[in-house]
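Excluded from the calculations below are hydrogen atoms, water molecules and symmetry mates; all remaining heavy atoms, backbone and side chain alike, are included. First listed ligand is number 1; within each ligand, the first listed atom is number 1.
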Amino acid sequence: MCELLASLLPRQEVTIFDLVNDKTPPVLGDFDHIVLGGAIRMARLPRAARAYLKENAAVLAEKPHTLFLCCAFPEQFENYAEMVFPRNVLENADECVYFGGELDLSKQRGLDKILVRMMRNAIKESEDADAMLPGLLPEHVRLLADRLSGRQ
Ligand SMILES: Cc1cc2nc3c(=O)[nH]c(=O)nc-3n(C[C@H](O)[C@H](O)[C@H](O)COP(=O)(O)O)c2cc1C
């Protein structure tokens with residue numbers, strides 16, 4: 001989703017950092033606008049993102065920023081946002097955007113696969129007639145790109 005966002009901002013200089021896999025953490029002061037987020041697993045962000053947020057919350061809160069989350073249960077999105085982002089970071093964000101989520105069994109192994117199967121079954125067997133398996137929401141990324149590029 002971050003790569004999609006970057007591709008939709010061809011006139012801006014965009015740098016993507018993967019907090020989990022990239023070794024050198026980004027220096028926030030170098031950027032005009034920061035878009036930060038991640039996928040929820042077991043109601044949390046990955047450890048590296050949690051540590052990064054903790055360390056950089058004060059700086060981040062003072063800079064223009066937008067937050068995003070991926071998760072499988074959209075009705076929990078706002079709860080998760082309050083749980084995973086430091087309060088000053090969430091309150092000062094331009095917005096916190098839901099990028100959708102996916103429960104794709106073929107992408108999971110081991111315990112993760114079992115958990116994804118359980119989540120899929122919980123949704124399919126839900127008494128809520130509107131409940132359906134989640135999907136990624138590229139249109140939400142497009143709306144964000146429009147806002148960031150001043151098109152909207
Ligand atoms: C092990 C595991 C745990 C998850 N836990 C949650 C959860 O607690 N709440 C939720 O809404 N979605 C949960 N999800 C769904 C993920 O947020 C969703 O699959 C997301 O698209 C995963 O992105 P990722 O594969 O980049 O981590 C979980 C997914 C996995 C694989």
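For Met118, the CE atom counts as loosely surrounded, since its 6.0 Å shell holds 12 or fewer non-hydrogen atoms of other residues, nucleotides or ligands. Under a cut-off of 6.0 angstrom, the local environment of CZ in Arg44 is sparse, with at most 12 non-hydrogen atoms contributed by other residues, nucleotides or ligands.
Closer than 4.0 angstrom to ligand 1 sit non-hydrogen atoms from Ala39, Ile40, Arg41, Met42, Ala43, Cys70, Cys71, Ala72, Phe73, Tyr80, Gly101, Glu102, Leu103, Gln108, Asp112, Leu115, Val116, Met119.
In this structure, a donor-acceptor pair under 3.5 Å is absent between the side chains of Ser126 and Asp128.
In this structure, Asn121 has no side-chain hydrogen bond (donor to acceptor under 3.5 Å, both in side chains) partners at least two apart in sequence or on a different chain. With sequence neighbours excluded, the residues forming a side chain to side chain contact (heavy atoms under 4.5 Å, CB included) with Val116 are Leu103, Leu105, Gln108, Met119, Arg120, listed by chain and number. In this view, Phe85 satisfies the ring pair (Phe, Tyr, Trp, His ring centres under 6.0 Å) rule with no residue, not counting sequence neighbours.
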